Enquirer: 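Quick one: the structure is below, questions incoming.
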Amino acid sequence: MVYDIVIIGAGVAGLIALGFVPTTAKNVAIIDPSFAGGDLAVKWGAIRSNTTAKQVRDALRIVPGFTAPCGISLDKYEDAEYVPLHVVATDVQKVAAAALTRAVCIVDSVSELNQSETGWSVIFRSGRQSIVGKRVFVCTGGEPKTMDIPKSTLPLEIAFDSPRLQRYVGEGDSVTVFGAAHSGVLVAHNLAQLGATVYLVHRNQGCPFLYARDGEYEGVKGDAATISDAILAS
């Protein structure tokens, strides 16, 4: 099967890409293993967005293929509030529902893309028959880095989510966090709140925290900056 447009990934990025496809386009496919909102809903939902509720609502209104963002979860938040990522992801799913009905939804994962004379050959992980996309938009999330160490490790999505983390870590446990960027700082904070002894490993000389502070960023970046300042102070 040959499609004019193929979108790989039905998270926030993939659904917004679909929303910008003209409604006149008839031969569109979107591929995702679950259609559950992507990593922002499934893995990183506990983190606060870097954008305010108003910014997200305004962004949804300008996507031509989306329905009007009325009665969505974002309406429960004040304009200036920074909302959890799972709220953003689920609301994008709601307003993208009509756009999804105009596309062929393929529940699968893509293992390979090969360029050909007719477009891009899309190879599926399940072994189903491949398809061809004249234009392909790759809207997949990034995978966290892993280290080959002989110790038990915690998935990043659990470390971000305090209620889930406390099932694995308790007071007096020793945990090493590799990396002192935003993710590492948030994880170290969650571990410390549970009473764990935290070792934060970084590769920067001097101060481990090298991103903007003083209100330049809010949401997840503002949270991380506030925590890092507290670490340095005490």
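Quick note: residue numbers are just sequence positions, from 1. Worth saying up front: this structure is predicted, and the values here are computed from it rather than measured.
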Enquirer: Does V12 share a hydrophobic cluster with L18, counting links as ILVMFWY side-chain heavy atoms below 4.5 Å and allowing steps through other members?
Expert: yes

Enquirer: Treating Ile, Leu, Val, Met, Phe, Trp and Tyr as nodes and any side-chain heavy-atom pair under 4.5 angstrom as an edge, say whether I149 and L191 lie in one connected cluster.
Expert: no

Enquirer: Can you check side-chain contact (heavy atoms from CB on, under 4.5 Å) on V87 and Y77, steps first, answer last?
Expert: CA-CA 10 Å; V87 173; Y77 293 84; 3.7 Å; yes

Enquirer: Is a side-chain donor or acceptor of S234 paired with a backbone partner of I231 at a separation under 3.5 angstrom?
Expert: no

Enquirer: May I ask whether I227 and F178 are part of the same hydrophobic cluster, defined by side-chain heavy atoms of I, L, V, M, F, W, Y residues being less than 4.5 angstrom apart, directly or through others?
Expert: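 Not linked; separate clusters.
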
Enquirer: Between D79 and R57, is there a salt bridge with N-O shorter than 4.0 Å?
Expert: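 A salt bridge is present here (some side-chain N lies under 4.0 Å from a carboxylate O).
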
Enquirer: Check whether any side-chain heavy atom of L113 sits under 4.5 Å from a side-chain heavy atom of I8, and report yes or no.
Expert: yes

Enquirer: Please give me the minimum heavy-atom distance between A89 and A41, naming the atom from each residue.
Expert: CB-CB, 3.6 Å

Enquirer: In sequence, state the C-alpha distance, the side-chain angles, and the governing distance for V187 and F160, and then conclude on side-chain contact (heavy atoms from CB on, under 4.5 Å).
Expert: CA-CA 6 Å; V187 170; F160 276 143; 3.9 Å; yes

Enquirer: So, do Y168 and I158 sit near enough that their side-chain heavy atoms are less than 4.5 Å apart?
Expert: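 Side-chain contact under 4.5 Å: yes.
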
Enquirer: Group every Ile, Leu, Val, Met, Phe, Trp and Tyr by side-chain heavy-atom contacts under 4.5 Å, then state whether V136 and I123 land in the same group.
Expert: no

Enquirer: Do the side chains of R102 and T23 get nearer than 4.5 Å, heavy atoms only?
Expert: yes

Enquirer: S49 and V88: which non-hydrogen atoms are nearest, and at how many Å?
Expert: CB-CG2, 4.4 Å

Enquirer: Show the nearest heavy-atom pair for residues W120 and K134, with the distance to one decimal.
Expert: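 Of all heavy-atom pairs spanning W120 and K134, the closest is CD1-O, 4.5 Å.
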
Enquirer: Given the rule in the side-chain contact (heavy atoms from CB on, under 4.5 Å) test, do V169 and L154 qualify, once you have shown the distances and angles that lead to the verdict?
Expert: CA-CA 10 Å; V169 177; L154 285 170; 3.7 Å; yes

Enquirer: So does G170 get a backbone contact from the side chain of D173, meaning a donor-acceptor N/O pair under 3.5 Å?
Expert: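 It does hold such a pair.
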
Enquirer: Side-chain heavy atoms nearer than 4.5 Å, only ILVMFWY residues, links allowed to pass through others: does that put I5 and Y3 together?
Expert: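 Cluster IDs for I5 and Y3 differ.
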
Enquirer: Identify which one of I7, V104, V107, V110 satisfies the side chain to side chain contact (heavy atoms under 4.5 Å, CB included) criterion when paired with I31.
Expert: V110

Enquirer: Using modelled atom types and a 3.5 Å cut-off, is there a donor and acceptor pairing between side-chain atoms of E112 and backbone atoms of S121?
Expert: no

Enquirer: Looking at every heavy atom in both N204 and P208, which two are closest together, and how far apart are they?
Expert: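 So the two residues come closest at ND2-O, 3.0 Å.
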
Enquirer: Ignoring hydrogens, what is the shortest heavy-atom contact between F35 and I106? Give both atom names and the distance.
Expert: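 F35 and I106 have their closest heavy atoms at CE1-O, 3.5 Å.
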
Enquirer: Working to the nearest 0.5 Å, report the span between OG1 of T51 and CG of D58.
Expert: 10.5 Å

Enquirer: With side chains defined as the heavy atoms from C-beta onward, is the minimum distance between M1 and N27 less than 4.5 Å?
Expert: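 They are in side-chain contact.
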
Enquirer: For the pair N190 (side chain) and A159 (backbone), establish whether a donor and an acceptor sit closer than 3.5 Å, ignoring hydrogens and angles.
Expert: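 Yes.
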
Enquirer: In this structure, are over 12 heavy atoms from other groups packed under 6.0 Å from R128 atom CZ?
Expert: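 Yes, CZ of R128 has more than 12 neighbouring heavy atoms, counting only those of other groups under 6.0 Å.
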
Enquirer: Does a sphere of radius 6.0 Å around OH in Y199 hold more than 12 heavy atoms from other residues, nucleotides or ligands, not counting ones at 6.0 Å or beyond?
Expert: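 12 or below, so no.
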
Enquirer: Of P69, C70, S73, which meets side chain to side chain contact (heavy atoms under 4.5 Å, CB included) against K94?
Expert: S73

Enquirer: With a 4.5 Å cut-off on side-chain heavy atoms, are D223 and Y82 touching?
Expert: no

Enquirer: So how far is it from E143 CD to K43 NZ, rounded to the nearest 0.5 Å?
Expert: 4.0 Å

Enquirer: Kindly determine whether F20 and V63 satisfy side-chain contact (heavy atoms from CB on, under 4.5 Å), including the steps that lead there.
Expert: CA-CA 6 Å; F20 277 99; V63 181; 3.8 Å; yes

Enquirer: Do I30 and L15 touch side chain to side chain, with heavy atoms closer than 4.5 Å?
Expert: yes

Enquirer: Answer yes or no: is there a side-chain heavy-atom contact under 4.5 Å between V220 and W44?
Expert: no

Enquirer: Looking at CG of D161 and CG of L186, how far apart are the two atoms once the value is rounded to the nearest 0.5 Å?
Expert: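 Between atom CG of D161 and atom CG of L186 there are 12.0 Å.
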
Enquirer: Could you pull out the closest heavy-atom pair between H182 and K221, with the gap in Å?
Expert: NE2-CG, 3.6 Å

Enquirer: Keeping D75 on the side-chain end and I72 on the backbone end, is there a donor-acceptor pair under 3.5 Å?
Expert: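 Yes: the side chain of D75 pairs with the backbone of I72.
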
Enquirer: Within the side chain of D108, is there an N or O that forms a donor-acceptor pair under 3.5 Å with the backbone of F124?
Expert: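 No: the side chain of D108 does not pair with the backbone of F124.
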
Enquirer: Between V56 and D91, is there a side-chain heavy-atom distance shorter than 4.5 Å?
Expert: no

Enquirer: With the threshold set at 4.0 Å, does a side-chain nitrogen-carboxylate oxygen contact exist between R48 and E81?
Expert: no

